Amino acid sequence: MTELDSLKALADPGKADQMQAYHKTPRVYLGVANPQLDDLVAEWRASRDVEGRVGLARDLWASDIHEARIAAAKLLTQARIRPDDAVWSLIAGWAAEFDGWAIADSAMIAGQKRLVAEPTRLDQVEAWLDHLNKWTRRAALVGTLPWAKMNNPKPGDVAARERILDWAARLADDRDWFIQKAIAWWLRDLSKRDAPRVHTFLADHGARMKPFARKEALRLVQDR
């Protein structure tokens with residue numbers, strides 16, 4: 001596979017060891033920097049149609065190499081993709097395999113674009129809240145962050161925002177640090193657009209959250 005060969009040609013063993021120690025996930029690391037990945041992905045994307053990008057992303061993901069999985073996600077990170085059903089299907093299919101924040105977040109940045117493009121996909125994401133894999137549960141919040149960041153949401157977006165806040169409330173009892181961090185992240189981003197709603201959420205559910213998460217949720221709010 002020439003794309004994997006291109007990745008491996010950029011390997012830095014010393015950096016790879018540092019990355020593996022940092023991420024603590026048992027897979028192959030090459031030590032390729034993000035700007036290098038971005039350059040490669042830009043070349044791959046430019047030379048392929050949507051079907052070709054999906055096929056390459058699938059193959060890169062299947063290699064289980066850290067940088068290849070990041071590259072697979074970057075390859076599909078694009079606001080306008082038509083048709084995009086195959087793209088969303090591939091990203092959603094990865095969710096159950098997430099085993100760390102770096103790859104999961106990269107994949108869900110790509111997923112965010114597809115969810116905003118077709119909000120009915122939130123029905124599928126809601127099922128992730130009950131998944132045994134904590135990274136899959138967390139992905140439900142990471143993937144829906146655009147609704148926390150909308151400055152002028154339309155009525156449908158407001159309804160989606162409230163729905164996702166209900167998801168955050170469902171996860172508030174989850175004691176995992178990364179889940180709590182994701183709840184706080186969602187609320188923190190929302191606080192820049194609708195601080196009163198965040199205060200209301202914390203009044204209703206904050207006691208079930210960990211102290212650090214409550215603090216983080218309000219970090220950008222002036223009136224604490």
Side-chain angles (χ1 to χ4, degrees), residues 1-48 52-79 81 87 90-114 128 131-143 145 149 174-186 188-189 210 212-213 215-216 219:
M1 180 179 176
T2 58
E3 291 80 14
L4 275 179
D5 291 338
S6 297
L7 275 175
K8 291 175 180 177
L10 299 172
D12 181 335
K15 187 173 181 179
D17 290 343
Q18 294 173 3
M19 291 173 65
Q20 189 166 42
Y22 176 69
H23 291 291
K24 299 181 176 66
T25 304
R27 62 168 42 90
V28 173
Y29 290 77
L30 299 176
V32 181
N34 262 318
Q36 294 173 298
L37 284 179
D38 289 339
D39 289 343
L40 281 178
V41 168
E43 293 177 12
W44 299 339
R45 184 189 293 119
S47 62
R48 289 169 175 80
R53 277 176 264 159
V54 169
L56 176 56
R58 183 181 293 110
D59 290 342
L60 289 168
W61 186 271
S63 74
D64 199 25
I65 296 171
H66 176 82
E67 288 85 352
R69 288 197 163 189
I70 297 291
K74 288 177 177 289
L75 195 60
L76 302 180
T77 304
Q78 188 175 340
I81 303 178
V87 176
L90 185 59
I91 295 169
W94 291 340
E97 300 178 42
F98 293 158
D99 56 3
W101 65 267
I103 290 175
D105 287 4
S106 294
M108 291 318 301
I109 288 172
Q112 288 172 5
K113 312 293 186 184
R114 309 280 52 85
W128 298 357
H131 203 283
L132 292 177
N133 183 352
K134 71 177 183 181
W135 300 108
T136 309
R137 298 195 301 275
R138 181 178 178 274
L141 295 182
V142 177
L145 276 169
K149 298 178 180 181
D174 193 317
R175 310 321 290 164
D176 183 83
W177 189 91
F178 285 97
I179 298 292
Q180 292 283 316
K181 180 70 173 179
I183 297 170
W185 186 2
W186 220 98
R188 183 194 66 202
D189 280 357
K210 288 191 173 184
F212 89 85
K215 182 177 180 180
E216 177 64 16
R219 183 165 61 83

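Computed from a prediction, not measured in an experiment: that's the story for all the values here.
- Residues I183 and L141 have side chains in contact (heavy-atom distance under 4.5 Å, counting atoms from C-beta outward).
- A pairwise comparison of heavy atoms in A72 and A57 identifies CB-O, 3.4 Å as the closest pair.
- Side-chain contact between F98 and R138: absent, with no pair of heavy atoms (C-beta onward) separated by less than 4.5 Å.
- Counting heavy atoms from C-beta outward, L40 and V32 have side chains that stay 4.5 Å or more apart.
- Atoms CE and CH2, from M108 and W135 in turn, are 14.0 Å apart once rounded to the nearest 0.5 Å.
- Nearest heavy-atom pair, K113 versus Q78, reported as atom, atom and distance to 0.1 Å: CB-O, 3.6 Å.
- Residue D174 comes nearest to Q180 through the heavy atom pair O-NE2, 2.7 Å, listed as atom of the first residue, atom of the second, then distance.
- Ring geometry for Y22 versus W101: interplanar angle over 60°, hence perpendicular rather than tilted (30 to 60°).
- Expressed to the nearest 0.5 Å, how far CZ of R188 lies from CZ of R219 amounts to 5.0 Å.
- Interatomic distance, D12 CG to L30 CG, rounded to the nearest 0.5 Å: 10.0 Å.
- The backbone N or O of W128 sits nowhere less than 3.5 Å from a side-chain atom of T136 that would complete a donor-acceptor pair.
- Of the inter-residue distances, the one linking S63 atom OG with E3 atom CD reads 11.0 Å to the nearest 0.5 angstrom.
- In this structure, V142 and F178 have side chains that are not in contact, with every pair of non-hydrogen atoms separated by 4.5 Å or more.
- In this structure, the side chain of R114 engages the main chain of A79 through a donor-acceptor pair within 3.5 Å.
- Using a 30° and 60° split on the angle between ring planes, F212 and W177 fall in the parallel class, below 30°.
- A salt bridge links R27 to D99: one of the charged nitrogens lies within less than 4.0 Å of a carboxylate oxygen.
- The minimum heavy-atom distance between T25 and Q20, with the atom names listed, is O-NE2, 4.1 Å.
- In this structure, L7 and I65 have side chains that are not in contact, with every pair of non-hydrogen atoms separated by 4.5 Å or more.
- With rounding to the nearest 0.5 Å, the separation of OG1 in T2 from CG in L56 is 8.5 Å.
- Salt-bridge annotation for E67 and K15: absent, with no side-chain N of the basic residue lying under 4.0 Å from a carboxylate O of the acidic one.
- When side chains are defined from C-beta on, L145 counts as touching W185, because their heavy atoms get closer than 4.5 Å.
- Side chains of L76 and W94 form a contact here, defined as non-hydrogen atoms less than 4.5 Å apart.
- Residue G143 comes nearest to Q112 through the heavy atom pair O-CG, 3.1 Å, listed as atom of the first residue, atom of the second, then distance.
- Remark: D176 CG to K134 NZ distance equals 4.0 Å, nearest 0.5 Å.
- Judged by distance alone, the side chain of N133 and the main-chain N or O of A96 form a donor-acceptor pair under 3.5 Å.
- Minimum heavy-atom separation, T77 to A110: OG1-CB, 3.3 Å.
- Considering only heavy atoms from C-beta on, K74 comes within 4.5 Å of N34 through its side chain.
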